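Note that the coordinates shown come from a computational prediction; the quantities given were computed from them, not determined experimentally. We use all heavy atoms of the structure for the numbers below, so side chains are in, but hydrogens, waters and symmetry mates are not. Throughout, a chain's letter reflects where its sequence line sits, starting with A, and its residues are numbered from 1.
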There are 2 protein chains.
Amino acid sequence: MENKRRPGRSRSAEVGEVRTLERGLHLLETLSEAETLSLSELARKTELSPSTAYRLLETLRRRGFVDWDEGKGLWKVGLRAYQVGSAFLTRGGLVDAALPEMERLVDELNETVNLAVLDGNEAVYIAQVEGRQLIRMFTRIGARAPLYCTGVGKALLMEHPEAEVRRILGSGPLKAFTAHTLTSPTAFLKALSEAKAKGYALDNEEREDGVRCIATPVRDSRGKVVASMSLSAPASRVPDERVERLGRRVKQAADAVSARLGWAEL
Amino acid sequence: MENKRRPGRSRSAEVGEVRTLERGLHLLETLSEAETLSLSELARKTELSPSTAYRLLETLRRRGFVDWDEGKGLWKVGLRAYQVGSAFLTRGGLVDAALPEMERLVDELNETVNLAVLDGNEAVYIAQVEGRQLIRMFTRIGARAPLYCTGVGKALLMEHPEAEVRRILGSGPLKAFTAHTLTSPTAFLKALSEAKAKGYALDNEEREDGVRCIATPVRDSRGKVVASMSLSAPASRVPDERVERLGRRVKQAADAVSARLGWAEL
DNA sequence: GGTTATTTTTCAATACACGCAAAACATGCC
DNA sequence: GGCATGTTTTGCGTGTATTGAAAAATAACC
């Protein structure tokens with residue numbers, strides 16, 4: 001009685017294996033890995049018969065997912081694929097892409113990890129994985145924070161030209177949250193260039209007494225900084241001699257997310 | 001004897017219509033247009049039976065093209081779709097060629113600059129550099145916009161013969177987005193020929209109240225219009241007396257991109 | 001102009017995607 | 001709780017849409 005449903009099940013594939021669609025998607029993937037390919041190359045790489053590959057490509061072309069270079073009979077990824085794909089980032093996909101790495105960081109270091117994006121001249125937290133330590137950070141998803149006194153803020157600005165950073169900061173002295181807050185644009189720019197040199201940004205109790213953050217940028221497939229990832233912890237657990245190591249580790253995690261998004265470093 | 005092959009041919013589709021794949025792609029498109037959708041909503045919108053939609057989605061999910069929100073059974077576009085789609089940008093180098101000029105424009109004028117291409121009878125934004133002004137445009141990368149009420153749209157149509165423009169516009173009155181929208185094909189054609197004469201197209205709050213755009217075409221090495229570049233700003237910052245100057249400047253930037261692509265004017 | 005390598009089209013056979021229907025699962029409502 | 005309504009998932013037989021072989025067109029090479 002226990003294997004009553006076996007016969008039907010074993011017949012062919014698992015649920016949700018529609019061969020035709022899989023083949024089409026495989027063609028798309030293959031195309032995206034190489035710049036351009038001819039039909040025969042594609043057929044070879046995907047192990048499809050040329051006629052099948054041809055018809056599938058033709059279907060993809062009609063829908064705009066691939067393009068055909070009239071001149072030299074080569075196929076490439078099309079505009080519609082780009083459009084559909086770009087929905088990923090705008091629909092909160094960044095968080096999905098980042099969460100696994102963030103969780104890994106938390107598992108390993110047991111401190112809270114945040115993800116933030118730039119909005120206007122503030123950082124907005126869009127994801128968080130909490131460490132299991134008793135002490136909690138207050139940052140919440142959706143919360144906003146100034147750029148000049150947070151790790152995520154610095155990391156988001158790392159690639160911006162100095163002139164623009166100055167414009168964002170404004171001219172006046174910056175509001176001090178703690179005794180450590182950098183209140184002059186010039187001091188901030190100096191800290192920023194140090195961060196750039198090291199590859200990670202440090203917030204040394206600049207926003208909140210007793211809290212240090214280490215942050216690095218996350219890039220999209222074109223290398224543009226679209227977010228930043230930070231590790232926040234009580235200053236006591238981030239002594240100077242540990243900063244360098246943590247910085248490298250956070251950078252590694254952020255880079256892994258960037259890689260996931262298709263960024264090929266250098 | 002002459003219609004010997006009829007029976008076989010008329011039986012079903014044109015060459016290159018693989019229904020299963022088309023349905024899968026249609027699901028992807030539908031998903032990319034809405035935030036997130038449930039299976040039943042998707043099935044309804046795509047006019048597929050729930051079981052079919054389910055199996056196709058399951059296949060897309062296995063490949064990472066869509067994701068499933070475990071919590072509240074909703075589907076969304078997945079990471080692999082993004083990865084595959086972004087290959088579109090690294091292919092002709094259009095965006096690479098344009099970004100530096102776009103950034104220069106933004107540095108100089110401090111307004112948002114967009115790059116769009118023609119797809120069917122719509123414009124699709126493929127790159128954007130945001131100005132540092134507080135006011136934001138809503139256009140997002142990957143978004144689509146009508147041709148008749150946007151700067152980029154007009155610029156894309158500038159070289160098209162009148163008959164074709166008419167065909168694209170259709171016969172009926174065009175949907176009005178604002179009080180300024182040109183709703184008759186004839187009025188639009190007049191505006192278009194003015195744009196042609198001046199070398200740049202103006203969108204005078206035709207899509208959105210209070211927003212003006214100035215756009216010019218970008219050409220490939222053969223002189224064909226492959227994209228258009230626009231500057232968007234609050235109408236208050238683009239008074240009539242400044243339009244001419246801005247138009248020349250945007251044209252200069254777009255021409256520089258065309259040159260980069262190998263176009264030698266005249 | 002023949003030889004080889006591709007891209008398209010034709011065509012018949014059958015594997016496969018399909019939709020129905022029913023089962024599992026989830027919600028709400030009295 | 002139990003009954004009703006809605007959605008997601010599985011099972012299964014049917015018929016058609018997808019398939020690969022092979023041939024026909026096209027191009028590329030020397």
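- Remark: A:T20 is in phosphate contact with C:dA17, judged by side-chain N or O atoms under 4.0 Å from OP1 or OP2.
- A straight line from CG of B:L27 to P of C:dC18 spans 10 Å, rounded to a whole angstrom.
- If you check the side chains of B:T181 and B:T183, you find no donor sitting under 3.5 Å from an acceptor.
- The CZ-P distance, from B:R19 to C:dG19, rounds to 6 Å in whole Å.
- Contacts of B:W75 with the nucleic acid, taken as non-hydrogen atoms under 4.0 Å apart, are absent.
- Both B:S49 and A:E41 lie close to DNA chain C; mapped to their nearest nucleotides by heavy-atom distance, the more 5′-ward contact belongs to A:E41.
- Here the C1' atom of nucleotide C:dC18 and the CZ atom of B:R55 are 6 Å apart, to the nearest Å.
- At whole-Å resolution of the value, CG in A:L56 and P in D:dT19 are 6 Å apart.
- To the nearest angstrom, C1' of D:dG6 lies 17 Å from CG of B:L42.
- Distance A:L57 CG to C:dT9 P: 14 Å, rounded to the nearest Å.
- Among C:dT9, C:dG19, D:dG20, the nucleotide with an atom closest to any side-chain atom of A:Y54 is C:dT9.
- Applying the 4.0 Å criterion to OP1 and OP2 of C:dT7, one finds that A:S40 has a side-chain N or O inside that range.
- Spacing between atom CG of A:L74 and atom P of D:dA27 amounts to 15 Å, rounded to whole angstrom units.
- For a distance-only test at 3.5 Å, the side chain of B:S51 qualifies as a donor-acceptor partner of the base of C:dC20.
- In this structure, A:S38 does not reach the C:dT6 phosphate: none of its side-chain N or O atoms is under 4.0 Å from OP1 or OP2.
- For D:dG20, one of the phosphate oxygens OP1 or OP2 lies less than 4.0 angstrom from a side-chain nitrogen or oxygen of A:R23.
- Of the two residues contacting DNA chain C, namely A:G73 and A:L21, the nearest-nucleotide position lying further toward the 5' end is that of A:G73.
- Using a cut-off of 4.0 Å between Lys/Arg side-chain N and Asp/Glu carboxylate O, A:E108 and A:R249 are scored as salt-bridged.
- The pair A:R61-A:D67 does not count as a salt bridge, with every side-chain nitrogen at least 4.0 angstrom from each carboxylate oxygen.
- When rounded to the nearest whole Å, the span between CG of A:L39 and C1' of D:dT26 equals 13 Å.
- Judged by the 6.0 Å distance and 45° axis criteria, A:R219 is positioned over the aromatic ring of A:W263.
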Side chain to side chain contact (heavy atoms under 4.5 Å, CB included) assessment of A:E41 paired with A:T30: CA-CA 10 Å; A:E41 289 169 314; A:T30 308; over 6 Å; no
